[in-house]
Asks: 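Quick one: this structure, given as C-alpha cells, is what I'll be asking you about.
Throughout, numbering of the chain's residues begins at 1 and tracks the sequence. These numbers come from a predicted model, not from an experiment.
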Amino acid sequence: MSVTMMSSASAAASRLVPALRVPEELCSSWIRGAGWTSASYRGRLDREVVQRGQCSSQSLAVRAVSTTTKTSSGPATDQSERLAKLNELLVEVAKTAANTGPRGAVRLAQGLEAVATVGAEWLLQQTQGAQIAVNARSPFALDPPGPKQLRKLFEKLGATYIKLGQFIASAPTLFPAEYVKEFQSCLDKTPPISFNQIKAIIRQDLGRSLEDVYEYIDPEPLASASIAQVHAARLKESQKDVVIKVLKPDVEDTLTVDLNFIYITAKVLEFLNPQLSRTSLVAIVGDIRASMLEEVDFRKEAMNIEAFRNYLEATGSTRLATAPYVYRHCSSRRVLTMERFFGAPLSDLDSIRSIVPNPEATLINALNVWFGSLIACETFHADVHAGNLLVLKDGRIGFIDFGIVGRISPATWVAMETFLNSIGSNQYPAMAKALVTMGATAEIIDIDSFAKDLEKIFTAVGDLDSDVLITAAGSPGGPATVAASMAFDEQQVNALLLEVIRVSESYGLRFPREFGLLLKQLLYFDRYTRLLAPGLNVFEDDRVQIASSRDTTYFT
C-alpha cells in the first residue's frame, strides 16, 4: 500500500476519533437524562479496551437510542431487551473505535487490498476454467470461494489472521472439517526483519546496551514467523548459549486492531441473527482474542515455561526432562531470552540412538512427564510435534516452545482418564460413555451404536503404516550406516482427530477445545511410539503412568 493511502487513512481516522470524545460531566448528565441504568454499559471487551474512550462511547450510545428506550420498572418486553442489546452493541462499537485509533483505517485499507488480490486470483482461475470448458464444449460450473481462498487471504493479511488460521487448524471441535484441513497448511513463515530493528527492540525493552548483556548475537535468525523472530546468542557474564525471541514491530497494535474488529463483527452478526448465539460465536471469538493477545506478551510464555519447570522439580522428574531456563534479567514483554537446547527431534531414530542406548525408555520418560503435567501442572504443553520435543545430549527430553498450552478442568480430565483407559483395553462402550460425559448435548445417545462407530475408527488407526523411512549411507568400500526417521504426516494425524470429532458430532456431541488439543497430542505420541517403540502398548504397559485424578504421585 502506498504511503499516500496510509497517510489519508490515518488522517481520516484522526478526524473521527476526537469527534467521539465528550466531556465527562456531559456523559453522566446524558445518562441520567435518558433514564439509562449502568447495566446497559457492561461489555465483554478486555480491561484495557474498556478503560480507554469509555465516556465518549457511552455518550454516543445514549444519544443514539435515548429517544426510544427508557429504564423500565416492569417486566422487560422482547422489544426493550432488543433495544438494550442494541445499546450495548453501540457502546462496544464506540469503545473499540476509540481504542483502535488511526491504525484501524490503515488496516481497513490493507484488508481491502488483500481481498482484492485474492479475489482477482480466484476470478482469473474461474475465467481460465470457463475458457477451457468452452474450448472442450463441456459444461462449466462456477467454483465459489471456499477454504482455500480464505487461507490465502489470511496469509496475506498477516500475523493476526495467520494465528487465527492456526487456531482453526488446532480446534476441530469448533470449526468445519474442510476448514480445519485447509488451514493445516497455513504458512507462518515470513521474511526476517533487519537485524538493526531487532537490536533496537532489545535495547529499548531491556533499557541497556546490548554489549552489557550479550557477548554476541548472531545477526542471522534461526527462525522468522509472523509474530516473532529468533536469534542465537551468548550471555556476556555466564557465557551461556541462549536464544532470543523478539516480538516484531507493530505486531501488537495490528493484533489489537484486527481482533477488536473480528470481535465486534461477531457481536453485530449475533445481534442481527440471534440464532447465532446458540453457536457461542462471540464466546469463541473472545477466547481466540484472549489467547492470541497472551501470545504477544512473552511474559506469559515465560510463566508457562517456569510453571513446567516447577512441576518437574516438584515431581522429582528433572532427571527425565527439562524446559529452557528463562533469563529474567534480559527478558521482557517483547523479548524472551532462554537457555538454548541442542539435541535430536523425537522423530529422528538414528540420531537418538547415538545419544541414548534405549530409545523406548526415552519415549516412556517423555510420556510419563507429559501425562503427569495434565493435572499436576498449571498448564500442559499443547504442541508436542517433533520439533518441540528434543532428546538432549544428556539423554533427557527437552520440551521447548510453550506458546501453545492447554488447561484442563478436573471434570473433563476424569472423563478423559476413562477415555484413555478404554483405548488401552479396547472397551469401546466405556469410551463412548466417556465422550458423552465430556460432550455437551441435549440428545439421547445410542451408546452401543456410538461404540461400534468408534471401534471402526480406532481399528483403522491401528492398521496405519508406521511411515518409517530407512536410508543407508557410507563411503565406497566402507561400512554402511543405516538411519531411520519418521515421515511425519501431520495431516494424517489431524484426519484421525477429525474423524473422531465427526462421528461424535453425528450423535449431537460438542466437545470443549481442550479435548481436541489433548487428543491431537496423543496422536503425536502414537506416531513416536511406532518409530521408537513399536512393541509398546502405551495404555497397558505398567511403565507408562497415565496421570490419575485420584493420585498425583507419578514418579519413583
Asks: Just do the side-chain contact (heavy atoms from CB on, under 4.5 Å) check on E252 and L255 with the steps written out, would you?
Replies: CA-CA 5 Å; E252 190 171 11; L255 277 176; 5.7 Å; no
Asks: What pairs with I132 under side-chain contact (heavy atoms from CB on, under 4.5 Å), at least two apart in sequence or on another chain?
Replies: none
Asks: Could you go step by step and tell me if L247 and V335 meet the side-chain contact (heavy atoms from CB on, under 4.5 Å) rule?
Replies: CA-CA 7 Å; L247 187 70; V335 177; over 6 Å; no
Asks: Does the side chain of I217 reach to within under 4.5 Å of the side chain of F195, using non-hydrogen atoms?
Replies: yes
Asks: Any side-chain heavy atom of I408 sitting closer than 4.5 Å to one from F380?
Replies: yes
Asks: List in chain and number order the residues that pass side-chain contact (heavy atoms from CB on, under 4.5 Å) with R234, two or more places apart in sequence or in another chain; answer none if no residue qualifies.
Replies: E215, Y216, Q239, D241
Asks: In Å, rounded to the nearest 0.5 Å, how long is the span from CZ of R328 to OG1 of T337?
Replies: 11.5 Å
Asks: Go through the structure and list residues passing side-chain contact (heavy atoms from CB on, under 4.5 Å) with A130, not counting sequence neighbours.
Replies: F140
Asks: Kindly give the heavy-atom pair with the smallest separation between V243 and R340, and that separation in Å.
Replies: CG1-CG, 3.7 Å
Asks: For P147 and Y179, work out which heavy atoms get closest and say how close.
Replies: CA-CE2, 3.6 Å
Asks: Measure the spacing between CG of N388 and CG of D401 and express it to the nearest 0.5 Å.
Replies: 4.5 Å
Asks: Output the distance between atom CG (D218) and atom CD1 (I244), rounded to the nearest 0.5 Å.
Replies: 10.0 Å
Asks: Tell me the closest heavy-atom pair linking E306 and V326, and the distance in Å.
Replies: OE2-CB, 4.0 Å
Asks: So L522 and W370, side-chain contact (heavy atoms from CB on, under 4.5 Å) or not? Walk me through it.
Replies: CA-CA 10 Å; L522 292 173; W370 186 80; 4.0 Å; yes
Asks: Can you tell me how far NZ of K156 sits from CD1 of I162, rounded to the nearest 0.5 angstrom?
Replies: 11.0 Å
Asks: In terms of relative ring orientation, are Y528 and Y524 parallel, tilted or perpendicular, with 30° and 60° separating the classes?
Replies: parallel
Asks: Under the side chain to side chain donor-acceptor pair (under 3.5 Å) test, which residues partner R407, sequence neighbours left out?
Replies: none
Asks: Does the side chain of K245 reach to within under 4.5 Å of the side chain of E301, using non-hydrogen atoms?
Replies: yes
Asks: Of all the heavy-atom pairs spanning A382 and Q521, show the shortest one and how long it is.
Replies: O-NE2, 3.0 Å
Asks: Would you please classify the geometry between the F183 ring and the F154 ring as parallel, tilted or perpendicular, with 30° and 60° separating the classes?
Replies: tilted
Asks: Output all residues satisfying salt bridge (charged side-chain N to carboxylate O under 4.0 Å, His left out) with K248, sequence neighbours left out; order by chain, then residue number.
Replies: none
Asks: Determine which pairs satisfy side-chain hydrogen bond (donor to acceptor under 3.5 Å, both in side chains) with at least one residue from residues 115-129, sequence neighbours left out, and list them in order.
Replies: none
Asks: Give the intermediate values and the outcome of side-chain contact (heavy atoms from CB on, under 4.5 Å) for residues L389 and F399.
Replies: CA-CA 5 Å; L389 292 183; F399 286 77; 3.2 Å; yes
Asks: Can you check whether L390 reaches L346 side chain to side chain, under 4.5 Å on heavy atoms?
Replies: no
Asks: Taking only residues two or more places apart in sequence or in another chain, which ones pass side-chain contact (heavy atoms from CB on, under 4.5 Å) with A323?
Replies: I305, F308, R309, F402
Asks: Any donor-acceptor pair under 3.5 Å linking the side chain of Q229 with the backbone of I193?
Replies: yes
Asks: Could you tell me which residues satisfy ring pair (Phe, Tyr, Trp, His ring centres under 6.0 Å) with Y214, sequence neighbours excluded, listed by chain and number?
Replies: none
Asks: So, for M338 and P324, which heavy atoms are closest and what is the spacing to 0.1 Å?
Replies: CB-CB, 4.0 Å
Asks: For a quick test of reading the model, state the closest non-hydrogen atom pair linking L206 to C330 and the distance between them.
Replies: CD2-C, 3.6 Å
Asks: Can you measure from OG1 (T254) to CG (L157) and round to the nearest 0.5 angstrom?
Replies: 11.0 Å
Asks: Which pairs pass side-chain hydrogen bond (donor to acceptor under 3.5 Å, both in side chains) with one or both residues in residues 199-208, sequence neighbours excluded?
Replies: Q204-R334, D205-S332, D205-R334
Asks: Apply side chain to side chain donor-acceptor pair (under 3.5 Å) to D258 and list each qualifying residue two or more places apart in sequence or on a separate chain.
Replies: R107, T160
Asks: Run the salt-bridge test on R151 and E182 with the 4.0 Å N-O cut-off and return the result as yes or no.
Replies: yes
Asks: Whether the side chain of H231 engages the backbone of I198 through a donor-acceptor N/O pair (distance < 3.5 Å, no angle test) should be reported.
Replies: no
Asks: Going by ring pair (Phe, Tyr, Trp, His ring centres under 6.0 Å), name the residues that satisfy it together with F341, two or more places apart in sequence or in a different chain.
Replies: none
Asks: Mind checking what makes ring pair (Phe, Tyr, Trp, His ring centres under 6.0 Å) contact with Y325, not counting sequence neighbours?
Replies: Y327
